[in-house]
Number of protein chains: 2
Amino acid sequence: MFRSSGCADPEFAQHTIRNRKDIHSISILRTFQRDQHIFECDQHCDWWYRIVSGATRKYRIRSDGRRQIADIHLPGDFLGFSSKANHGFSVQAIVEGTTIACYPRKTAEALADSDPTVARLIRVSTVAAIERLEQQMLVVSTMSASERVKAFLVHFRNRVGQAGEDGLALPITRYDIADLLGLSTETVCRAFTDLRERGAISLEGPRQVTIIRPGNG
Amino acid sequence: MFRSSGCADPEFAQHTIRNRKDIHSISILRTFQRDQHIFECDQHCDWWYRIVSGATRKYRIRSDGRRQIADIHLPGDFLGFSSKANHGFSVQAIVEGTTIACYPRKTAEALADSDPTVARLIRVSTVAAIERLEQQMLVVSTMSASERVKAFLVHFRNRVGQAGEDGLALPITRYDIADLLGLSTETVCRAFTDLRERGAISLEGPRQVTIIRPGNG
DNA sequence: CGGAGACTTGAGGGCGTTCAAAAGACGTGG
DNA sequence: CCACGTCTTTTGAACGCCCTCAAGTCTCCG
């Protein structure tokens, strides 16, 4: 939009060239081990992040010591935005060798200010996070244990995008699922068993699930 | 940033003038009756909205007929963003005479593209919504009924911003609170009674609450 | 082969839901 | 101003789901 302008002002011309910089060019790639922190809850928000490969969990430890997982991030997701100075959540790698692109916040914000494409990318990404959270809330606040687990499996499969095959390799433990769905580990296990016995899913292994009936039943 | 440029190109100059338009100048003010819809879940996302006065609820009807409230919007909040063509939620006025500024989506997006201030405003607003939802999720998925109601009251008081006085006039019914917290109406009532008996709150009337002890206890 | 972590299953109790009923609050019209 | 109907709020009793505690099995990896 701006770049199509035939402006002769050198300062502006230089600016448009700076704008041409892809957001990826200002990023630093980092690799994380399993359970290694990308950032912690009391840390200052100096970076934005994008998952390149692997997965992360966004969580918080409640005053009673229990862990609450607010979101799971998969490749393509942006995270690390905050309206306050500190994140209120910690983010941890779930799988070994999770790769993350890190963007210096000030530079990225300046880029978002000058490049509408970047601003739009951020906007779409945050809106997607909102919709994910709203969906998650619906699941957590109104569904039974089995329904929650099934909704999680269906939602997760849709996100990893294996639309054709229903075989799903879960990168996360029952503990993670429990903390994400607001259930106990035992209840999650019982829900898996229940869904298997009712023919909604089949288990080739604890982490290898096939969704047979995605709908109700 | 762009506007400080001394560019002589007329097209660009005209553009900068367009950029000067405040986002509020492209809005239409509308007033809604109680329970009137701002938009419904299957409606096309042609507008963005900002609450001017009153309050709205963002909700969805589950397949079993139960209603789930995902968020309450108060003056200053932006809403209506979606990454898809349709909203997945309906939004309704809670109080009589709720006033809302409506922005034509395409115009607003173009404005966000050209004016970093607007883009930043939208970004901050969506990030605030994310943080609200994450907080809400924490409440819904790990707290007991009384804790949820108390957390709701404290959170709500902070949002309406009556920091000095603890007297709080609730614009919403027990039914709304129940659907927001994932509880039944009866349980919400019992939680109010419980909190009153334990001295955490006092009730001058069903809708008039004073928070005595915001912390635990 | 041994150990640690992940997963599964069982029994009992607490908390929230459902069903039922009544009291309170509020606006409307006489 | 009061009577009336409707919506909201409150309380009670019984049931059911999920949590907790406990024990055992499976799986992976050194």
Side-chain angles (χ1 to χ4, degrees), chain A residues 33-35 57 62 64-69 94-96 139-153 168-198 201-209, chain B residues 33-35 57 62 64-69 92 94-97 139-153 168-198 201-209:
Chain A
Q33 298 170 352
R34 186 167 176 272
D35 292 339
R57 56 176 154 250
R62 270 170 48 80
D64 62 4
R66 289 176 57 182
R67 181 185 66 165
Q68 162 66 19
I69 295 180
I94 295 176
V95 300
E96 189 68 31
V139 167
V140 166
S141 69
T142 61
M143 290 186 181
S144 71
S146 292
E147 286 174 323
R148 290 188 215 189
V149 169
K150 188 166 177 183
F152 162 76
L153 291 173
L168 181 63
L170 293 174
I172 69 180
T173 67
R174 300 282 189 269
Y175 280 89
D176 283 330
I177 299 175
D179 287 348
L180 181 67
L181 299 179
L183 298 169
S184 67
T185 325
E186 297 92 330
T187 302
V188 172
C189 279
R190 280 185 254 271
F192 267 97
T193 306
D194 176 56
L195 290 171
R196 179 169 51 76
E197 286 175 350
R198 294 215 320 256
I201 63 171
S202 73
L203 293 168
E204 287 73 40
R207 302 283 188 94
Q208 190 63 39
V209 190
Chain B
Q33 298 170 352
R34 185 166 176 273
D35 291 339
R57 56 175 152 250
R62 271 170 46 81
D64 62 5
R66 290 176 56 183
R67 182 185 64 163
Q68 162 66 16
I69 295 181
Q92 234 176 5
I94 295 176
V95 300
E96 189 68 31
V139 168
V140 165
S141 68
T142 61
M143 289 185 181
S144 72
S146 291
E147 286 174 324
R148 290 189 215 188
V149 169
K150 188 166 177 183
F152 162 76
L153 290 173
L168 182 62
L170 293 175
I172 69 180
T173 67
R174 300 282 189 270
Y175 200 87
D176 282 329
I177 298 174
D179 286 349
L180 181 67
L181 298 178
L183 297 169
S184 67
T185 323
E186 297 92 329
T187 302
V188 172
C189 279
R190 280 185 255 269
F192 268 95
T193 306
D194 176 56
L195 290 171
R196 179 169 51 75
E197 286 176 350
R198 295 216 317 258
I201 63 171
S202 73
L203 293 169
E204 287 74 41
R207 302 282 188 95
Q208 190 63 38
V209 190

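Below, each value reflects all heavy atoms present in this structure, side chains not excepted, and no hydrogens, waters or symmetry copies. All values derive from a computational prediction rather than experimental measurement.
Ion pairing of D194(B) with R198(B) is present here, as a side-chain N (NZ or NE/NH1/NH2) and a carboxylate O approach within less than 4.0 Å.
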Legend entry - Intermediate values then yes/no, side-chain contact (heavy atoms from CB on, under 4.5 Å), L170(B) and L153(B): CA-CA 9 Å; L170(B) 293 175; L153(B) 290 173; 4.0 Å; yes
Legend entry - Full working for side-chain contact (heavy atoms from CB on, under 4.5 Å) between I172(A) and R207(A): CA-CA 8 Å; I172(A) 69 180; R207(A) 302 283 188 94; 6.0 Å; no
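Across V139(A), L180(A), V140(A), a single residue satisfies side chain to side chain contact (heavy atoms under 4.5 Å, CB included) together with F152(A), and that is L180(A).
Within 6.0 Å of CZ on R196(B) lie more than 12 heavy atoms contributed by other residues, nucleotides or ligands. Other residues, nucleotides and ligands place more than 12 heavy atoms under 6.0 Å from the CZ atom of R62(B).
Within 4.0 Å of R207(B), counting heavy atoms only, lie sugar-phosphate atoms of the nucleic acid but no base atom.
If you measure from atom CE of M143(A) to atom P of dT17(C), you get 16 Å, rounded to the nearest angstrom. The distance from atom CZ of R174(A) to atom P of dC26(D) is 15 Å, rounded to the nearest whole Å. The distance between atom CG of L195(B) and atom P of dT10(D), rounded to the nearest whole Å, is 12 Å.
The stretch residues 176-188 of chain A comes close to DNA chain C through E186(A), each having a heavy atom under 4.0 Å from the strand.
Between the side chain of R190(B) and the base of dG12(D), a donor-acceptor pair under 3.5 Å is found.
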